[in-house]
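Okay, so here's the structure we're looking at.
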Amino acid sequence: MDVFLDALNSLVQGFTNFTWQQAVMIVLGTGLLYLGIARKIEPLLLVPIGFGVILGNLPLAGMSAHDEGGVINILYKSGILTELFPVLLFIGLGAMIDFSPLLANPSVLIFGAAGQVGIFITLLLALGLGFSRQEAVSISIIGACDGPTAIYVTSKFARDLLPAVSIAAYSYMSLVPIIQPPIMRALTTKKERSIVMAYGEKKVSQRVKILFPVVAGILTILIAPMGAPLMGMLMLGNLLKESGVLGRLVDVSQGAIANITTLFLGLSIGASMLGSNFLQWNPQQWWHSPIMVFALGLVAISLDTVAGILLGKLMRVITRGKINPLIGAAGTSAFPMSARVVQKEGQKANPRSFLLWHAIGANTGGQIGSVMAAAVMLAIMAGMGIGPLS
Amino acid sequence: MDLAFGLTMAAAGIAITLITLYLLTLIISLMNKLFPFKEEPAKKNK
């Protein structure tokens, strides 16, 4: 009888150890699954994260990222804490990007710098709200509109914020078509949005396409060596693509490497979101919550758009009306969503306007700009003696 | 508020990012001049 009762006891332990925080997190994980599957919002990431949240919050399962020796703990330690997963993702990203529109019209690269201004203003806001330097840097990098970069920086400086930062970064990337248009319309007149830019797909020689990742990699890494893992892998992926002789490696980079890494990255991040940590509420530090991280991320991306459009307006004046200011909004790293939004808004104002080619150039410039901004932040932090977490 | 840190990071961050991308713009323009696009001659049928 005792043996039977012991067996029965072990079978109900899962239920007796179940806490309300875990229940809330499981509901949250289910919500992420709903958003990914039913609403198709970043399903590649939200589905593994959602399921990771559920697995990580089941009592006694040993499936949280913090359960020493567990399967997901091994993935978390080897892929997130070492920053391996976001770096691997950059190989895939580089192999997917076509820099031709940027190489054909290099002046749009400057919009890639304006598209990062929100990062630095949000950094000041986060510091003003009382976040530590490391936390402020990690939150502001959401403005890079670049999931892997945000994860890379946050895993270095503020791992507690990793779930909120990564979900915010990827969610806002997919919400760019909702976030950017109202800002575009508020800051530009219909006359400005109607400007038709000279269209003509300038062709670029294959030599330039091959040389660009090599030269850009060397220059940017010399300036900000701390960003070498990101920029180096991005440019490696692009070189594989443009070399024209490594089809198999390009296929693997774009497919298997990117997909497997995304799956394990999402699962590990989801399983690190424990109710006991994620649902903490301190009235003295009410701002120190995931909701505030989301709010500041939204501010960062909005300010990126504002800065890009304002630079676009300045360029319109300098070029005497040859530049449509909407192009500036594509200077973020949300590729290719921002470029598509610019094309759509331009066509709404003037059906004869085709901005996509120029916007794609600015958008790929934003990709480089976001990695560069992160690299510069890391370099300055290192220069100030603020090292990464051990 | 850690104002000095924030302002240093913001000013240096924006400036260095801008300068780097501007340098890249110059390099790309130079590469385009050194290696302009040329149409490949059509292959003759044997």
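Keep in mind that what you see is a predicted model, and the values were worked out from it rather than measured.
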- Using non-hydrogen atoms only, which part of A/Val137 is less than 4.5 Å away from chain B: side chain, backbone, both, or neither? side chain
- For A/Leu103, is it the side chain, the backbone, both, or neither that has a heavy atom closer than 4.5 Å to a heavy atom of chain B? both
- Task: Answer whether the closest heavy-atom distance between the side chains of B/Leu21 and A/Phe111 falls below 4.5 Å.
- Result: no
- Under 4.5 Å from any heavy atom of chain B - which part of A/Arg133: both
- Does A/Asn105 have any side chain to side chain donor-acceptor pair (under 3.5 Å) partners at least two apart in sequence or in another chain, and if so, which? A/Ser107
- Rounded to the nearest 0.5 Å, what's the gap from CG on B/Leu7 to CZ on A/Phe120? Could you check? 13.0 Å
- Item | Within-4.5 Å side-chain heavy-atom neighbours: B/Leu24 and A/Thr220 | yes
- Message: Taking 4.5 Å as the heavy-atom cut-off, does anything in residues 371-382 of chain A contact chain B, and if so which residues?
- Response: A/Met372, A/Ala373, A/Val376, A/Met377, A/Ile380, A/Met381
- Should A/Val215 and B/Met31 count as side-chain neighbours, where that means a heavy-atom distance under 4.5 Å? yes
- Most contacts with chain B, counted as non-hydrogen pairs under 4.5 angstrom, among A/Ile110, A/Leu102, A/Ile119: A/Ile110
- With side chains defined as the heavy atoms from C-beta onward, is the minimum distance between A/Val208 and B/Phe37 less than 4.5 Å? no
- Of all heavy-atom pairs linking B/Pro36 and A/Ser205, the shortest is O-CB, 3.8 Å
- If every non-hydrogen atom of B/Ala10 is compared with every non-hydrogen atom of A/Leu124, which pair is closest and at what distance? CB-CD1, 4.3 Å
- Message: Take a 6.0 Å sphere around OH of B/Tyr22 and say whether it holds more than 12 heavy atoms from other residues, nucleotides or ligands.
- Response: no
- Query: Under 4.5 Å between any side-chain heavy atoms of B/Leu3 and A/Leu127, yes or no?
  - Reply: no
- Message: Exactly one of B/Leu23, B/Ile28, B/Thr20, B/Leu26 should register a side-chain contact (heavy atoms from CB on, under 4.5 Å) with A/Leu109. Which one does?
- Response: B/Ile28
- Message: Rounded to the nearest 0.5 Å, what separates atom CD1 in B/Ile14 from atom CD1 in A/Ile121?
- Response: 6.0 Å
- Message: Looking at chain B, which one of A/Gln206, A/Met384, A/Gln116 has the largest number of heavy-atom pairs inside 4.5 Å, strictly under?
- Response: A/Met384
